[in-house]
**Student:** 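First the structure, then my questions, so here it is.
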Amino acid sequence: SAVISQKPSRDICQRGTSLTIQCQVDSQVTMMFWYRQQPGQSLTLIATANQGSEATYESGFVIDKFPISRPNLTFSTLTVSNMSPEDSSIYLCSVEEGNEQFFGPGTRLTVL
Amino acid sequence: KQEVTQIPAALSVPEGENLVLNCSFTDSAIYNLQWFRQDPGKGLTSLLLIQSSQREQTSGRLNASLDKSSGRSTLYIAASQPGDSATYLCAVLGSWGKLQFGSGTQVVVTP
């Protein structure tokens, strides 16, 4: 199964600033996914990132707020822009291998 | 639109008892169903994957069943241990190509 790492593991940020989260996979994968988990909630898909093309965003998420890069088949970044306290969540990246999804350890973001 | 429901939302059992966690979904056109475990503030660990053509999957003390026609899956954990305390999430992969998660069952196993 794929091994996924994320950086940072957690951060505390001031409102109005931006944070970039990195996701690294130990094998080449076609699609990478970014999820948000708000406190006490389940996971919500933000976007799907394919290498070499623009990310596809889900309803309620926009590129200006959550720009995503996918420079190669093992790496992706998600930026949370112009943060507000409502952005306080765990952000997780995941990949699919053989129809099974594997998740990174998550980035716990607190916005003050 | 697919909806995934998990009941109960929380469960507390004494050590040694068997755990039964339920997951239901509204659209039976799924490719597979996956059970995950999440420890507080952490990522998700995949426990079991059941393909749509399968009725059950087993791994150690874990057994998951799938009844696609009735839109249900059940995760059984035998002889629970305090280390089983976590939130358990089910998720279905549908023809829309995306994973839809339930809200989870928070499990506490008391020594």
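The chains referred to below are lettered A, B, ... by the order of the sequence lines, with proteins before strands, and numbering in each begins at 1.
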**Student:** Considering all heavy atoms of both residues, which atom of B:Leu99 and which atom of A:Tyr35 are nearest to each other, and what is their separation?
**Tutor:**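 What the structure gives for the nearest pair is CB-OH, 3.6 Å.
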
**Student:** If I measure from the heavy atoms of chain B, does A:Leu92 come under 4.5 Å with its side chain, its backbone, both, or neither?
**Tutor:** side chain

**Student:** Under a single-linkage definition using a 4.5 Å side-chain heavy-atom cutoff for Ile, Leu, Val, Met, Phe, Trp and Tyr, are B:Val4 and B:Leu47 assigned to the same hydrophobic cluster?
**Tutor:**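 Same cluster.
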
**Student:** Rounded to the nearest 0.5 Å, what separates atom CD in B:Gln100 from atom OG1 in A:Thr44?
**Tutor:** 8.5 Å

**Student:** Looking at A:Gln41, A:Arg10, A:Gln37, which has the largest count of heavy-atom pairs under 4.5 Å with chain B?
**Tutor:** A:Gln37

**Student:** Non-hydrogen atoms of chain A under 4.5 Å away: do they reach the side chain of B:Gln106, the backbone, both or neither?
**Tutor:** neither

**Student:** For the hydrophobic clusters of this structure (ILVMFWY residues joined by side-chain heavy atoms under 4.5 Å, transitively), does one cluster hold both B:Tyr88 and B:Leu62?
**Tutor:**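 Linked, B:Tyr88 and B:Leu62 end up in one cluster.
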
**Student:** Consider only side-chain N and O atoms of B:Ser46 and A:Gln101, and report whether a donor and an acceptor are under 3.5 Å apart.
**Tutor:**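 No, A:Gln101 and B:Ser46 have no side-chain donor paired with an acceptor closer than 3.5 Å.
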
**Student:** Do A:Met83 and A:Phe66 sit in the same hydrophobic cluster, where Ile, Leu, Val, Met, Phe, Trp and Tyr count as joined when their side-chain heavy atoms come under 4.5 Å apart?
**Tutor:** yes

**Student:** Measuring heavy-atom distances to chain A, does B:Leu44 have an atom under 4.5 Å in its side chain, in its backbone, in both, or in neither?
**Tutor:** both

**Student:** Count I, L, V, M, F, W, Y as connected when their side-chain heavy atoms are under 4.5 Å apart, and connections chain through other members. Are B:Ile30 and B:Trp35 then in the same cluster?
**Tutor:**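 Yes.
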
**Student:** Which atoms of A:Gln6 come close to chain B, meaning under 4.5 Å heavy atom to heavy atom: side chain ones, backbone ones, both, or neither?
**Tutor:**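 Looking at A:Gln6, nothing touches chain B.
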
**Student:** Could you measure the distance from the CZ atom of A:Arg108 to the NZ atom of B:Lys42? Nearest 0.5 Å is fine.
**Tutor:**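 Here the interatomic distance stands at 9.0 Å.
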
**Student:** Within a 6.0 Å radius of atom CD on A:Glu54, are there more than 12 heavy atoms belonging to other residues, nucleotides or ligands?
**Tutor:** no

**Student:** Using atom types as modelled and distance alone, determine if a side-chain donor or acceptor of A:Asn99 lies under 3.5 Å from a backbone N or O of B:Tyr31.
**Tutor:**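 It does not hold such a pair.
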
**Student:** Can you see which heavy atom on B:Ser103 is nearest to which on A:Ser42, and at what distance?
**Tutor:**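 Heavy-atom minimum between the residues: CA-CB, 3.8 Å.
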
**Student:** Measure the CD-NZ distance between A:Glu96 and B:Lys98 for me, rounded to the nearest 0.5 Å.
**Tutor:** 12.5 Å

**Student:** In terms of hydrophobic clustering (I, L, V, M, F, W, Y; side-chain heavy atoms under 4.5 Å; direct or indirect links), are B:Leu19 and B:Phe36 co-clustered?
**Tutor:**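 In one cluster: no.
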
